[in-house]
Amino acid sequence: MHALIIVDIQYDFLPGGALAVADGDAVIPVINHIQGDYELVVATQDWHPAGHHSFASSHPDHKPFATIDLNGLDQVLWPDHCIRGTEGARLSNQLDTKHIEAVFRKGTNPTIDSYSGFFDNGKRKRTGLAGYLRDRDVTAVSVCGLAADYCVYFTAMDALQLGFEACILGDAVRPIDALAYAEKQEAFIKQGGQIVIG
Ligand code: VGL
Ligand code: ZN
C-alpha cells in the first residue's frame, strides 16, 4: 500500500500568510492532480497553541529566524503562525480534501516544536501517524507540501527511519530556504530516500 502524505497546506504557509513560503500556492494544483493516484491520502496540520515556545514573540530578546537552544534542541524562532483555530491554521480551500482520510495535527505541545508529521523534534511523543499507516498496511509513502526544508523533509526522513520506503515529490514542495533544502535533499538521498520529479 502506497500513501500520499500532504504536509501543512495551511494559509500561514501560503503567499500572504504569517510564514509564507515563496510560490507555496504553486504546489496545490499539483497535489490535487495526483491525489487520485494513491491508495491512501493523509495530511498533516501545524497546530500551535498561542504563545508557543517556537515563536520569536515568546522570546522578546530575539528576532524571528534567529536560532536558540530550546530545552537542549536547536530551535529556529518563527513568526507566530498556525495558531490552532485561526484562519492561518486552516487547510487551504484550494486543496482538494475529498481524498484525505485523516489529518494529523502537530506542534500542539507549547514547549517543543514538531516539524515531522510523526514525532515532535525531540522524538518524545508520537502523533499516531506511524501506527495509522502500519494499520493500513502502508509500506511506502510519498511526501509533498510545505515547507520542503522543514516539515516535508523531517516527515520524509522519519518515514525512512520508521522503515517505510519514502520519496519527496519535488514538483509538489517549496522550501523556506533553497540552500537549506539542497543540503537536506542530499541527506535524504543518503538515507535511502528518493526525490521524484515529474
Ligand atoms: C513549518 C516552520 C515552523 C513547516 C512549521 O510546516 O515546514 N516550518 N512550523
Ligand atoms: Zn510551526
Side-chain angles (χ1 to χ4, degrees), residues 4-28 31 42-59 62-68 70-71 73-92 95 100 103-125 127 129 141 143-159 166 168-170 172-185 187-188 193 195:
L4 178 68
I5 305 176
I6 303 172
V7 174
D8 298 2
I9 302 295
Q10 295 167 262
Y11 286 111
D12 273 341
F13 297 123
L14 294 168
L19 181 44
V21 177
D23 201 32
D25 49 346
V27 304
I28 298 176
I31 295 171
V42 299
T44 67
Q45 191 170 21
D46 212 31
W47 197 249
H48 298 305
H52 195 273
H53 295 191
S54 73
F55 295 169
S57 61
S58 303
H59 308 269
H62 289 92
K63 293 200 174 89
F65 304 103
T67 302
I68 64 158
L70 184 62
N71 306 316
L73 296 174
D74 272 2
Q75 176 67 54
V76 177
L77 295 178
W78 303 109
D80 287 20
H81 65 279
C82 296
I83 296 173
R84 58 189 182 192
T86 64
E87 181 70 15
R90 284 181 48 213
L91 297 181
S92 169
L95 180 69
I100 299 174
V103 178
F104 292 83
R105 288 175 168 165
K106 61 188 178 61
T108 56
N109 178 335
T111 66
I112 189 162
D113 211 355
S114 192
Y115 297 142
S116 164
F118 291 99
F119 309 98
D120 61 67
N121 290 358
K123 297 221 162 114
R124 289 174 200 149
K125 206 175 139 213
T127 59
L129 175 56
V141 299
V143 188
C144 62
L146 302 171
D149 45 342
Y150 284 94
C151 292
V152 168
Y153 166 76
F154 284 100
T155 298
M157 276 299 246
D158 280 347
I168 292 173
L169 300 176
V173 299
R174 290 294 183 279
I176 292 172
D177 177 339
L179 209 62
Y181 179 48
E183 283 169 14
K184 283 168 171 165
Q185 285 185 73
F188 180 62
I195 313 284

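Order of appearance sets the numbers: ligands from 1, and atoms from 1 within every ligand. Just so you know, these numbers use all the heavy atoms, side chains as well, and skip hydrogens, waters and symmetry mates.
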**Request:** Check whether any side-chain heavy atom of Cys144 sits under 4.5 Å from a side-chain heavy atom of Val27, and report yes or no.
**Result:**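 No - every pair of side-chain heavy atoms lies 4.5 Å or more apart.
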Under 4.0 Å to a heavy atom of [X] - the qualifying atoms of ligand 1, by number:
X      : answer
Cys151 : 1 (C), 4 (C), 5 (C), 6 (O), 7 (O)
Asp8   : 4 (C), 6 (O)
Ala147 : 4 (C), 6 (O), 7 (O)
Asp46  : 5 (C), 9 (N)

Short N or O distance, [X] and ligand 1, threshold 3.5 Å exclusive:
X      : result
Asp113 : no
Phe13  : no
His81  : yes

For [X] and [Y], indicate whether the former's side chain and the latter's backbone hold a donor-acceptor pair under 3.5 Å.
X      : Y      : result
Ser58  : His52  : yes
Thr127 : Gly117 : yes
Asp120 : Lys125 : yes
Gln45  : Arg105 : no

**Message:** If we only consider heavy atoms of Gln10, is any one of them less than 4.0 Å away from an atom in ligand 1?
**Reply:** no
**Prompt:** Considering only the protein, which heavy-atom contact is closest to atom 8 (N) of ligand 1, and what is its distance?
**Reply:** Tyr150 CB, 3.8 Å
Locate the shortest heavy-atom distance separating [X] from [Y]; write the atom from each residue and the value.
X      : Y      : value
Cys151 : Leu146 : CB-O, 3.9 Å
Ile9   : Gly145 : CD1-CA, 3.8 Å
Ala89  : Ile83  : CB-O, 3.4 Å

Could you tell me whether the Zn ion (ligand 2) has an N, O or S atom of [X] under 2.8 Å away?
X      : value
Cys151 : no
His81  : yes
Asp46  : yes

**Asked** Looking only at heavy atoms, is any part of Leu146 under 4.0 Å from ligand 1, and if so is it the side chain, the backbone, or both, or is it neither?
**Response** backbone
**Item:** Interatomic spacing from CG in Asp8 to OG1 in Thr155 - rounded to 0.5 Å
**Value:**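 One gets 7.5 Å once the value is rounded to the nearest 0.5 Å.
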